[in-house]
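This report concerns only the one structure given below.
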Amino acid sequence: MILDEAWSLSPSVALRPEPFGALAYHFGNRRLTFLKRPEMAAVVRCLAEHPDVRTALVAAGVPESQHAAYADALAGLARTDMIRPRGSTRPEGMPRPDDAGAAR
Amino acid sequence: MTMTAERAAGRNRTGSLVEQFELGLAAPICLTWELTYACNLECAHCLSSSGRRDPRELTTEQCESVIDELQRMQVFYVNIGGGEPTIRADFWHLLEYAVAHQVGVKFSTNGVRLSPERARFLASPACGGYVDVQVSLDGATAEVNDHVRGPGSFDTALTALGNLAEAGFTDAKISVVCTRQNIGQLDEFAALADRFGATLRLTRLRPSGRGADVWDELHPLPEQQRVLYDWLMAHGEKVLTGDSFFHLAAFGEPLPGLNLCGAGRVVCLIDPVGDVYACPFAIHDSFLAGNLLTDGGFAQVWRTSELFTELRSPQTGGACTRCGFFDSCRGGCMAAKFFTGLPLDGPDPECVRGFGETALTGTRVIPTASQDHSKPKATRNQPVMLQLLDGPPTAPPVSACAESPLAGFRP
């Protein structure tokens, strides 16, 4: 369960604050992702500072009733390497094989 | 507090992404930068009426400052075009400069300078896989392509694609403007892309620049729009579109990507002299937001220009908002309407419900161009858009001196 794991923003990703939340750009696979809520942007930004995802959600002020939904959304971000488990050894900035057409 | 910040503070943060985009972003997502108006070709439909270099063109130092500013604004990549950008002597330097400053580059080219050596450079670690190349091709055969792009341009493009593939540059893009003559070649384009390990990119013909002169002749017919839509629905996942076909969304399911006009909201254009326009297809005084040299830099223009503020305010009136399909096509393309002389709050000239055709038959005034960098005299590269007649003429042309009252009358 992702909620009990330690995660962080991928080192290849930059976050750009936007009125709706943030825009996340992965310099390796060139994927652009929209974090559609300010809370989501806050969570992603502070992941690395907390022992696990659940603590980060609490710190960002996400009510517990929404933790499962946020966990799903974070799993989606993990699939495109926007966030990764801490201690992950995947080399930085390596394009992944499923990235064709990422930047439309 | 700036206008944008005020609106951001006051705006509803829970709206859909499309609604959020319509209100504008802190920086563009899709920024096009035309580096030069100079071009070796004279394509009949050139959206920027390119040909001659503008003497006021930004210098290398000025271009570097623009890149620095884009880095500060976190504009993660820029689409570079022209003119033909690669014929600027400092093009390769600027490319490296941008990549080194975390501004990725996608550049559009007709391939003229993509020699084996340049192709190897693009595939090398110097570019860090952070450069995309789009080679323009508007026909899957020389006959169709050269008709609008000029003699020899098909061979130039294919040589460039071959050089890129040979050098190990993966996933180049073949960029196609869809016209009446090439809609029937979509499968052939896909085959060409496969042959070069490239990705196909299809975009919409706009009546912008010299495109205004040939739009009537080249824009896809209504039944071809349907063919295009069906083809995109079937192959959409493998094909890039620059989100330019959102006006087709009213056929049914929306196409993948953003289905809205991004002009001044998520999209804009910097031209070779530093003028900032709402969109690459709207190089006209009516869509000029400011100049980055004289108006305090790009960020200032993006955030505070009156034009962009207006484009980011909600559209309330207009015939289209009452149409049942408005939520699908959002009224279509602003530039397509403007350059065909249609009202901006009315239907797109290629509205798939047919409202555009009706509007085109009404009274309209096609706006005059506010800039033209076309070459004053045709060169050997100019396309000659003549077509052979189907058969021999049935009668000699009527002379101005013909005296018969029935001259030219053939019952």
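The sequence lines fix the lettering, A, B, ..., with proteins before strands; numbering per chain opens at 1. Owing to the predicted nature of the structure, the values given are computational and were not obtained by experimental measurement.
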Would a line drawn from the ring center of B:Y77 to the ring center of A:F27 be shorter than 6.0 Å?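 Not close enough - the centres of the two rings lie 6.0 Å or further apart.
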Does A:Q66 CD have over 12 foreign heavy atoms under 6.0 Å away?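 Yes, enclosed.
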Report yes if the side chains of [X] and [Y] come closer than 4.5 Å at any heavy-atom pair, otherwise no.
| X | Y | value |
| --- | --- | --- |
| A:L23 | B:Q74 | no |
| A:Y25 | B:V75 | no |
| B:F76 | A:R16 | yes |

Can any side-chain N or O of B:Q20 pair as donor or acceptor with the backbone N or O of A:P19 at less than 3.5 Å?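 Absent.
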Pairwise distance CG(B:L25) to CZ(A:F20) - rounded to 0.5 angstrom: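 Rounded to the nearest 0.5 Å, the CG-CZ separation comes to 5.5 Å.
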